[in-house]
Amino acid sequence: MTPLFPSQPVASIYFFTMQLGSYPLYIMGKNDKIIHLTFNRQHHEQLCSRYPHSPTPATTQVDSLAQIVQHAINAETNTTFPADSPFIAAGSKFQQQVWQQISLIPRRLTLTYGQLANRIGNPKAYRAVGQACNRNPLGILIPCHRVVAKNGLGGFAGGGEVKRWLLTGENKNKKFILRTLE
DNA sequence: GTGTGGCAGTTAG
DNA sequence: CTAACTGCCACAC
């Protein structure tokens, strides 16, 4: 499996899962910050096994992070680029440029991989853009589901079904509700 | 609609 | 260092 994640361990971290629509959303927190967010179960399990973490996060911490996601998922635009995650810092220059550009895409707008490659001044790197999207450590907060193929949906680490559901929901101006698991 | 060749960045070996 | 991947694209049928 590809080393998608930084090799250095991160202290004081915890994991929890929430539910968005019918899809599980895996969140990795450190203190009061979200450092990783994905729909991809495999990525989540890799992280769980790689890093020592608290088995039972404090409720206040979980609630606080959940609120951040709940707000971000319905926001018209992303206010700030969440650069404080160590997973962002561990990305290459190219990946950081891609993630930065994605975070500028507002609700109900999509860019193609090619258009995004143009925006970072590397028009032929559309394929590498796809790879960088795949390794986005902060799904939703960095809305990589808004990057699509020129003729079609394109891929999604959490599965095409989730990507399509997110995009149609946004187009209908749906308010997404994040729920806790029982 | 399908096939094919090339693309750039990243990682594995 | 090569080789082998991709969340792609253009262009040809």
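Residue numbers begin at 1 in each chain, while the letters A, B, ... track the order of the sequences. Just so we're clear, the structure is a prediction, and the values are computed from it rather than from any experiment.
Separating the CG atom of Leu116(A) from the P atom of dT6(C) is a distance of 21 Å, rounded to the nearest angstrom. Note: CG (Leu111(A)) to C1' (dC9(C)) measures 16 Å, nearest angstrom. Rounded to whole Å, the distance from CG on Leu153(A) to P on dT6(C) is 18 Å. What separates CD of Gln95(A) from C1' of dT11(B) is a distance of 11 Å, to the nearest Å. Computed from coordinates, the Trp99(A) CH2 to dG7(C) P distance equals 14 Å when rounded to whole Å. Atom pair Tyr113(A):OH and dG9(B):C1' shows a separation of 15 Å (rounding to whole Å applied). The NZ atom of Lys124(A) sits 19 Å away from the C1' atom of dT6(C) (whole-angstrom rounding). Across the protein-nucleic acid pair, Asn118(A) atom CG and dA8(B) atom P stand 13 Å apart, rounded to whole Å.
Between the side chain of Lys163(A) and the backbone N or O of Val147(A), at least one donor-acceptor pair lies under 3.5 Å. When atom types are taken as modelled, the side chain of Arg50(A) and the backbone of Glu45(A) share no donor-acceptor pair closer than 3.5 angstrom. With Glu76(A) contributing its side chain and Arg107(A) its backbone, the two residues share no donor-acceptor pair below 3.5 Å. Judged purely by atom type and a 3.5 angstrom limit, Asn136(A) uses its side chain to pair as donor or acceptor with the backbone of Ile142(A).
For the OP1/OP2 pair of dC8(C) and a distance below 4.0 Å, the side-chain nitrogens and oxygens of Asn151(A) include no atom meeting the criterion. Listed pair Lys150(A) / dA10(C) meets the phosphate criterion, a side-chain N or O lying under 4.0 Å from OP1 or OP2.
Of the candidates dA10(C), dG7(C), dC8(C), dG7(C) carries the atom nearest the Asn134(A) side chain, counting heavy atoms from C-beta on.
Using a 4.0 Å heavy-atom criterion, one finds that Val148(A) contacts no nucleic acid atom at all. Contacts of Ala132(A) with the nucleic acid, taken as non-hydrogen atoms under 4.0 Å apart, are absent.
In this model, a side-chain donor or acceptor of Arg127(A) finds a partner on the base of dG6(B) within 3.5 Å.
Among the candidates Ile34(A), Leu20(A), Leu138(A), Asn74(A), the single residue satisfying the side chain to side chain contact (heavy atoms under 4.5 Å, CB included) test with Val69(A) is Ile34(A).
Two residues, Tyr126(A) and Gln131(A), neighbour DNA chain B, and the one matched to the more 5' nucleotide by heavy-atom proximity is Tyr126(A).
In this structure dG5(B) sits in a base pair with dC9(C), meeting the Watson-Crick or G-U test at under 3.5 Å.
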